[in-house]
K.L.:
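Pasting a structure below so you can have a look.
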Number of protein chains: 2
Amino acid sequence: MEAKSPKRMTKQRRIILEELRKLTSHPTADELYEIVRERLPRVSLGTVYRNLEVLSESGEILKLESAGSQKRFDGNPMDHHHVRCMGCGRVGDVEVVGDATLPALENFRCDGFSITRGTLEFTGLCDACKDKLDEEGAMPEAATQTRQ
Amino acid sequence: MEAKSPKRMTKQRRIILEELRKLTSHPTADELYEIVRERLPRVSLGTVYRNLEVLSESGEILKLESAGSQKRFDGNPMDHHHVRCMGCGRVGDVEVVGDATLPALENFRCDGFSITRGTLEFTGLCDACKDKLDEEGAMPEAATQTRQ
DNA sequence: GTAAATGCAAATTGTTTGCTTACTG
DNA sequence: CAGTAAGCAAACAATTTGCATTTAC
């Protein structure tokens, strides 16, 4: 279901891929656009979107559609787990430590669906958002919204 | 961090909540809007959005931000796991069967984040999308996109 | 009676697409 | 030199917001 190489390696595609791979931050398309723009000042946001699409189809990167309202991208295409900050939408990598192992996929039952990937997304809070909540103390009203 | 009751129980809010609770389908805002409209023909989509927001802040429903490009909502606010169809974005409930137990949250390490909820999101394929893929056979090009 | 919520429409935001030109293989 | 990809702008889709009016408490 994946891993066909992209057709042409243009300068833009190569640089987009290089910059994404340098990051562990799972950037959104426009965050990456800003970064790529330092090396390719005339690149367009549309090109970034198109290439991220192509690269994720070919399995070179991961498209994290399940990351809130904005899509995020991961330069590491290996299967691994993620946490998503419920405050700001940021995504981090999660590793399983100690002797813990996840139950096999057969242990999860869901009618009408077949689970194809055992990669999980946890819900959490990043340090920045946690600090913000702590400061706000008995936070005035709706301080728990999702922005980005 | 949650469970303050909404301020006023308007007819719209009550009906939106009732209809959402009847469903197990994790509808999007506009799917629910269409349903609610049968009982409240003059309701507006904005009102549906506003109420889904308020109800999820108060902990009466779940907002599944991690459900692809469109947010989905769950009338069951208890912690439970979800599968998201990578084909169409639909979301289903997942239950853990047999003697399987998830590792405790301490067994997951993620720098800069604290995991607050152990509810997981799996990636899968719903029956409809699976059938579609099967029919397409050696599917011509990019047949694995997310639409909804 | 008053603050909160509605309906409607317009504004925002994130993403995709059409088209002409440029460049890779 | 053939066809894929870029750049740019316009189109789209999902969600949010401003405002005048209505309604729950």
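Chain A is the first sequence line, chain B the second, and so forth, proteins listed ahead of strands; every chain is numbered from 1.
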K.L.:
Whole Å only: how far is the CG atom of B:L45 from the P atom of C:dT6?
P.N.:
13 Å
K.L.:
Rounded to whole Å, please give me the gap between CG in A:L40 and C1' in D:dC8.
P.N.:
16 Å
K.L.:
For the pair B:E53 and B:R50, find out whether any cationic side-chain nitrogen is under 4.0 Å from an anionic carboxylate oxygen.
P.N.:
no
K.L.:
Hey, any chance B:V91 and A:L120 share a hydrophobic cluster, counting ILVMFWY side chains that come within less than 4.5 Å of each other, even indirectly?
P.N.:
no
K.L.:
Check whether any side-chain N or O of B:Y49 sits under 4.0 Å from OP1 or OP2 of D:dT15, and answer yes or no.
P.N.:
yes
K.L.:
Whole Å only: how far is the CZ atom of B:R72 from the P atom of D:dA14?
P.N.:
11 Å
K.L.:
Between A:R90 and A:C85, is there a donor-acceptor pair closer than 3.5 Å when you use the side chain of the first and the backbone of the second?
P.N.:
no
K.L.:
May I ask you to evaluate whether B:K71 reaches the phosphate of C:dG14, defined as a side-chain N or O under 4.0 Å from OP1 or OP2?
P.N.:
no
K.L.:
Determine whether B:D93 and B:N76 make a side-chain contact, defined as any pair of heavy atoms from C-beta on separated by less than 4.5 Å.
P.N.:
no
K.L.:
Can you find a side chain N or O atom of A:T47 that sits less than 4.0 Å from OP1 or OP2 on D:dA5?
P.N.:
no
K.L.:
Nearest whole angstrom, please: distance from the C1' of D:dA13 to the OH of B:Y33.
P.N.:
15 Å
K.L.:
Find the distance A:D30:CG to C:dT12:P and express it as a whole number of Å.
P.N.:
17 Å
K.L.:
Closest approach to the side chain of A:A29, judged atom by atom: which nucleotide of C:dT15, C:dT6, C:dA3 is it?
P.N.:
C:dT15
K.L.:
Can a side chain N or O of A:R42 be found less than 4.0 Å away from OP1 or OP2 on D:dC8?
P.N.:
yes
K.L.:
Could you check how far CD of A:Q70 sits from C1' of D:dT16, rounded to whole Å?
P.N.:
15 Å
K.L.:
Just how far, in rounded Å, is C1' of C:dA5 from CG of B:L17?
P.N.:
16 Å
K.L.:
Grab the CZ-P distance between A:R13 and D:dG7 for me, whole Å please.
P.N.:
12 Å
K.L.:
Run the salt-bridge test on B:E18 and B:R21 with the 4.0 Å N-O cut-off and return the result as yes or no.
P.N.:
no
K.L.:
Nearest to the side chain of B:S44, which nucleotide is it out of C:dC8, C:dG14, C:dA5?
P.N.:
C:dC8
K.L.:
Is the shortest side-chain N/O distance from A:T10 to OP1 or OP2 of C:dT24 below 4.0 Å?
P.N.:
no
K.L.:
Toward the 5' end of DNA chain C, which comes first, A:K11 or A:G46, by nearest nucleotide?
P.N.:
A:G46
K.L.:
Got a donor-acceptor pair under 3.5 Å from the side chain of B:R8 to the base of C:dA3?
P.N.:
yes
K.L.:
Check whether any side-chain N or O of B:Q12 sits under 4.0 Å from OP1 or OP2 of D:dT23, and answer yes or no.
P.N.:
no
K.L.:
Is there a donor on the side chain of A:R50 or the base of C:dG18 sitting less than 3.5 Å from an acceptor on the other?
P.N.:
yes
